Amino acid sequence: MLKVHLNHETGPEHLADLQSRLDPGIRLSTGECRSTADFDILVSGEPTAGELEGSPRLRAVIVPWVGVPLATLDLMREFPQIALHNLPYNIGPTAEMAVALLLAAAKRIVPYDQRFRQGYWSEEPSSNAPGSVMLDGGLALILGYGRIGRRIAAACRGLGMRVAGVRRSPGPAAEEYAIADLPGLLPHAAALVVCLPHTHETDGLIGWRELELLPANAVLVNVARGGIVEEAALYRTLKARRIYAAGIDVWYRYPSATERKQGLPHPPSAFPFHELDNAVMSPHRAGWSKEKEPARIGELANMLNAAARGEPMPYRVDPQRGY
């Protein structure tokens with residue numbers, strides 16, 4: 001019998017869906033963890049030390065989304081006997097959002113839409129930004145060349161762009177580069193798309209120096225984590241129009257669970273990004289779609305069934321590397 005505990009909010013219909021997909025030898029429990037427990041696998045985005053210590057049988061933690069919070073990575077290093085996994089169920093939607101933000105920012109879709117709704121066929125006369133920048137023929141510099149990055153690369157090639165993929169351990173392909181190559185690549189980028197894991201190594205990876213290296217017509221897109229791009233540097237770079245625009249789906253301040261449930265407003269940054277007409281803002285919804293939860297449930301069921309059959313679970317994360 002494989003005992004699995006879900007410490008992740010899941011609606012009753014999705015919980016029933018998960019149960020229906022599991023092999024008979026799996027017992028599922030939900031809710032807060034007791035001080036002492038006897039489960040084998042914990043599904044939780046932010047487990048506590050007490051939860052990890054409270055179940056001597058615990059052999060694996062599954063973070064039920066793409067990427068692992070820094071605090072969870074730090075904690076799991078203290079429990080090397082417990083395997084860490086994540087759940088990359090939303091690769092397609094995240095790549096789609098990255099391309100949507102890239103095009104919206106490059107073509108100034110939002111300012112033109114807002115003006116056109118008032119009957120105007122041009123932007124505010126006071127705007128000194130060109131109507132759009134052309135991506136065709138430009139270099140798409142994709143920071144994080146894994147499953148999501150390669151999807152984005154395929155779309156960018158379809159737009160006529162050239163691609164350079166940056167990763168920690170580049171392969172032999174001509175378009176793959178190491179992080180150390182960034183300073184030489186940034187001055188040639190028409191688009192910088194950030195989609196790599198947030199680790200201690202990548203925290204603040206794109207700061208003042210890197211943004212200064214981008215050309216004036218460059219578009220930055222971030223669908224990874226806010227902390228990879230320095231907050232103040234990004235805001236001031238956009239405000240000064242040092243780069244053309246940015247499409248941002250990941251932020252620096254998030255609402256609490258209570259604020260989310262009550263629908264209360266919560267500014268995503270200490271800086272007024274909402275005042276910038278060259279920033280396209282999205283509330284961390286790249287991985288969301290109508291099909292999101294069924295896709296998550298299906299992938300989680302596959303992982304748990306593999307564990308119950310004695311097979312290795314996929315999507316293992318190295319807490320030392322962060323992915």
Side-chain angles (χ1 to χ4, degrees), residues 66-67 86 88 90-107 133-199 201-207 209-230 233-234 237-238 243-250 279-280 282 284-287 321-323:
V66 178
N86 68 359
N90 57 356
I91 292 167
T94 302
E96 291 169 10
M97 178 61 80
V99 177
L101 289 171
L102 172 61
L103 291 171
K107 303 304 175 185
V133 291
M134 187 171 74
L135 299 173
D136 185 18
L139 178 67
L141 179 53
I142 300 174
L143 187 52
Y145 207 50
R147 289 183 288 263
I148 293 173
R150 292 177 188 277
R151 289 279 191 102
I152 298 168
C156 289
R157 288 192 187 97
L159 294 172
M161 302 186 76
R162 297 170 290 117
V163 169
V166 176
R167 57 189 311 181
R168 179 174 180 172
S169 302
E175 78 271 14
E176 293 192 21
Y177 294 85
I179 290 178
D181 297 318
L182 259 181
L185 293 168
L186 287 167
H188 306 285
L192 172 61
V193 183
V194 181
C195 54
L196 82 174
H198 186 204
T199 68
E201 183 181 3
T202 64
D203 189 61
L205 182 63
I206 302 299
R209 177 174 175 270
E210 290 74 23
L211 292 171
E212 282 290 322
L213 288 173
L214 287 169
N217 66 342
V219 176
L220 182 147
V221 172
N222 191 358
V223 291
R225 291 293 185 269
I228 297 171
V229 183
E230 288 186 5
L234 178 58
T237 296
L238 289 169
I243 63 174
Y244 182 74
I248 312 165
D249 184 59
V250 287
V280 181
S282 172
H284 202 144
R285 54 185 290 267
R321 302 177 71 178
Y323 59 91

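The analysis underlying the following values was restricted to heavy atoms, covering all of them including side chains, and did not include hydrogens, waters or symmetry mates. Here the structure is a predicted model, which means the values were calculated and not measured.
- Among all heavy-atom pairs drawn from Ala164 and Leu185, the shortest one is CB-CD2, 4.5 Å.
- Between Glu210 and Leu205, the closest side-chain pair of non-hydrogen atoms is not below 4.5 Å.
- The shortest distance between side-chain heavy atoms of Thr94 and Cys195 does not fall below 4.5 Å.
- Rounding to the nearest 0.5 Å gives a distance of 12.0 Å between CG of Leu159 and CE of Met134.
- Between Cys156 and Leu102 the shortest side-chain heavy-atom distance falls below 4.5 Å.
- For the pair Val219/Ile243, no side-chain contact is recorded, criterion being any heavy-atom separation below 4.5 Å from C-beta on.
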Does Ile248 form a side-chain contact (heavy atoms from CB on, under 4.5 Å) with Val229? I'd like the steps, not just the answer. CA-CA 10 Å; Ile248 312 165; Val229 183; over 6 Å; no
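- In this structure, Leu135 and Lys107 approach most closely via the heavy-atom pair N-NZ, 4.5 Å.
- For the atom pair CZ of Arg147 and CD1 of Ile91, the computed distance is 4.5 Å after rounding to the nearest 0.5 Å.
- The two residues Asp249 and Ser282 have their closest heavy-atom pair at OD1-OG, 2.7 Å.
- Across every non-hydrogen atom of Ala95 and Arg151, the tightest pair is CB-CB, 3.5 Å.
- Under the 3.5 Å distance criterion, the side-chain polar atoms of Arg162 are matched with a main-chain donor or acceptor of Gly137.
- When all heavy atoms are compared, the tightest approach of Gly138 to Ala190 is CA-CB, 3.9 Å.
- A 4.5 Å side-chain heavy-atom check between Thr237 and Leu220 finds every atom pair outside the cut-off.
- Using a 4.5 Å cut-off on side-chain heavy atoms (C-beta onward), Tyr323 and Leu196 make no contact.
- For the pair Leu182/Leu141, a side-chain contact is recorded, criterion being any heavy-atom separation below 4.5 Å from C-beta on.
- Contact check on Arg209 versus Glu230 returns no salt bridge, with no Lys/Arg side-chain nitrogen under 4.0 Å from an Asp/Glu carboxylate oxygen.
- Scanning all heavy atoms of the two residues, the minimum distance from Tyr145 to Val163 falls at OH-CG1, 3.8 Å.
- Taken to the nearest 0.5 Å, the CG atom of Asn90 stands 11.0 Å off from the CE atom of Met97.
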Audit row: Thr202, Leu143, side-chain contact (heavy atoms from CB on, under 4.5 Å) steps and yes/no: CA-CA 10 Å; Thr202 64; Leu143 187 52; over 6 Å; no
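- Atom NE2 in His198 sits 3.5 Å away from atom CG in Asp203 (nearest 0.5 Å).
- Taking 4.5 Å as the limit, some side-chain heavy atom of Leu192 sits within range of a side-chain heavy atom of Ile206.
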